Amino acid sequence: MMVRVIAGAFIIEGNDYLLMKRSDTKKIAPGMWGGVGGHAEPNELNSPKKTCLREIYEETGIEEADFKDFNLKYIIIRRNKGEIVLMYYFIALSKIRRYEDKTQEGKLHWINKHELLDRPMSFEIRSMLKHYISIGYKSNEINVGTVSVIENKPVMNWNTIDSWEGLTGIE
């Protein structure tokens with residue numbers, strides 16, 4: 001079984017999110033809306049943050065210094081045919097509103113949070129945004145979602161990762 005590692009971000013400025021509408025000609029998720037991001041390079045497999053920052057810069061020209069906050073918030077695990085897909089998503093609070101449309105992947109747009117879910121999105125992206133808008137923004141926890149299929153419909157199961165630092169008596 002193969003493993004695919006993806007890292008992306010929801011870039012937020014005020015009540016607006018920078019999303020990409022993927023090109024209709026893309027092989028993966030054509031015409032769908034999502035965050036900015038992409039696949040990890042071999043030298044990035046141990047650093048989803050490095051992957052994410054590289055992808056953000058390549059697609060938007062936005063640099064790490066342009067964020068006032070940049071944190072890993074979601075890890076999604078799903079199975080797709082012969083591979084396990086690990087998706088790391090960061091929440092990036094931006095100090096700026098500008099971006100350069102530097103990508104052939106699709107078109108970037110600032111979208112108000114009240115209009116986010118009105119667009120076609122993958123199940124995983126929609127689940128993350130719903131979770132973040134409803135409760136995820138309230139904490140610093142890392143949320144882990146696993147995708148199951150029940151009665152031929154995808155279901156997201158959420159959990160959080162707690163730190164083991166300082167715990168004693170754990171075997």
Side-chain angles (χ1 to χ4, degrees), residues 3-23 26 28-29 31-78 85-119 121-122 124-145 158-166:
V3 175
R4 179 185 305 252
V5 177
I6 298 169
F10 297 115
I11 300 171
I12 304 170
E13 194 278 321
N15 283 324
D16 296 334
Y17 290 57
L18 185 61
L19 296 185
M20 179 184 298
K21 180 180 187 285
R22 291 184 54 82
S23 169
K26 297 307 291 179
I28 299 173
M32 302 293 263
W33 290 76
V36 177
H39 293 90
E41 299 293 335
N43 66 327
E44 298 170 336
L45 291 175
N46 291 323
S47 180
K49 182 177 181 180
K50 185 176 179 180
T51 299
C52 190
L53 289 169
R54 175 186 53 77
E55 288 283 345
I56 289 170
Y57 182 74
E58 287 177 3
E59 296 178 357
T60 69
I62 299 173
E63 300 181 76
E64 185 174 8
D66 296 324
F67 299 118
K68 56 186 162 192
D69 202 13
F70 190 92
N71 292 302
L72 178 62
K73 190 71 175 167
Y74 291 94
I75 302 170
I76 304 293
I77 304 168
R78 69 176 169 88
V85 180
L86 294 173
M87 302 169 67
Y88 295 88
Y89 265 83
F90 294 78
I91 297 297
L93 302 181
S94 185
K95 297 183 212 174
I96 62 169
R97 190 164 178 92
R98 66 151 178 81
Y99 64 86
E100 300 170 35
D101 206 347
K102 297 173 57 170
T103 183
Q104 303 299 314
E105 300 288 323
K107 184 88 173 110
L108 297 165
H109 304 267
W110 284 105
I111 307 295
N112 185 276
K113 78 175 183 178
H114 301 292
E115 301 170 6
L116 286 175
L117 301 176
D118 296 339
R119 289 160 171 70
M121 299 175 177
S122 71
E124 298 89 349
I125 298 295
R126 183 175 303 283
S127 296
M128 276 188 281
L129 285 172
K130 278 177 152 176
H131 188 274
Y132 184 74
I133 290 167
S134 65
I135 60 173
Y137 72 93
K138 296 177 184 177
S139 76
N140 291 325
E141 295 176 319
I142 298 173
N143 300 280
V144 179
W158 291 111
N159 238 317
T160 58
I161 296 178
D162 293 322
S163 174
W164 283 35
E165 289 182 46

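Keep in mind the model is a prediction, meaning the values are calculated, not measured.
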Distance from Ile142 atom CD1 to Leu72 atom CG, nearest 0.5 Å? 4.5 Å
Determine yes or no for a side-chain-to-main-chain donor-acceptor pair under 3.5 angstrom, with Arg126 supplying the side chain and Leu117 the backbone. yes
For Leu116, does its backbone N or O pair with a side-chain atom of Tyr17 as donor and acceptor, under 3.5 Å? no
Roughly how far, to the nearest 0.5 Å, is CG of Leu19 from CG of Leu129? 6.5 Å
I need the Glu100 CD to Glu58 CD distance, nearest 0.5 Å. 12.5 Å
State, with a plain yes or no, whether a side-chain heavy atom of Ile56 is found less than 4.5 Å away from one of Phe67. yes
Can you establish whether the number of heavy atoms outside Lys21 located under 6.0 Å from its atom NZ is more than 12? yes
So Tyr99 and Ser94, side-chain contact (heavy atoms from CB on, under 4.5 Å) or not? Walk me through it. CA-CA 11 Å; Tyr99 64 86; Ser94 185; over 6 Å; no
Supply the atom-to-atom distance Thr60 OG1 to Asp66 CG, rounded to the nearest 0.5 angstrom. 8.5 Å
Could you give the distance from NE2 (His109) to CZ (Arg119), rounded to the nearest 0.5 Å? 8.0 Å
Does Arg98 use its side chain to pair, donor to acceptor, with the backbone of Ile62 at less than 3.5 Å? no
Enclosure of Glu115 CD (heavy-atom neighbours >12, cutoff 6.0 Å): yes
Do Phe10 and Lys73 have side chains that get closer than 4.5 Å, going by heavy atoms? no
Measure the CG-CG distance between Leu93 and Asp69 for me, rounded to the nearest 0.5 Å. 5.0 Å
Do Asp16 and Arg97 have side-chain heavy atoms sitting under 4.5 Å apart? yes
Show your reasoning for whether side-chain contact (heavy atoms from CB on, under 4.5 Å) applies to Tyr89 and Glu124. CA-CA 11 Å; Tyr89 265 83; Glu124 298 89 349; over 6 Å; no
Return the minimal non-hydrogen interatomic distance between Gln104 and Lys26, and the atom names on each side. O-CD, 4.4 Å
Show the numbers, then the answer: is there a side-chain contact (heavy atoms from CB on, under 4.5 Å) between Trp158 and Ile76? CA-CA 9 Å; Trp158 291 111; Ile76 304 293; 3.6 Å; yes
If you look only at distance, which donor and acceptor atoms sit under 3.5 Å apart when one is on a side chain in residues 42-49 and the other is two or more places apart or in another chain?
unit_1, atom_1, unit_2, atom_2, d
Glu44, OE1, Glu41, N, 2.9
Glu44, OE1, Thr51, OG1, 3.0
Glu44, OE1, Arg54, NE, 3.3
Glu44, OE1, Arg54, NH2, 2.9
Glu44, OE2, Arg54, NE, 2.6
Ser47, OG, Lys50, N, 3.2
Lys49, NZ, Glu64, OE2, 3.4

Test item: Tyr132 side-chain N/O and Ile91 main-chain N/O as donor-acceptor pair under 3.5 Å: no
Hey, mind stepping through Arg78 and Met87 against side-chain contact (heavy atoms from CB on, under 4.5 Å) and telling me if it holds? CA-CA 9 Å; Arg78 69 176 169 88; Met87 302 169 67; 4.2 Å; yes
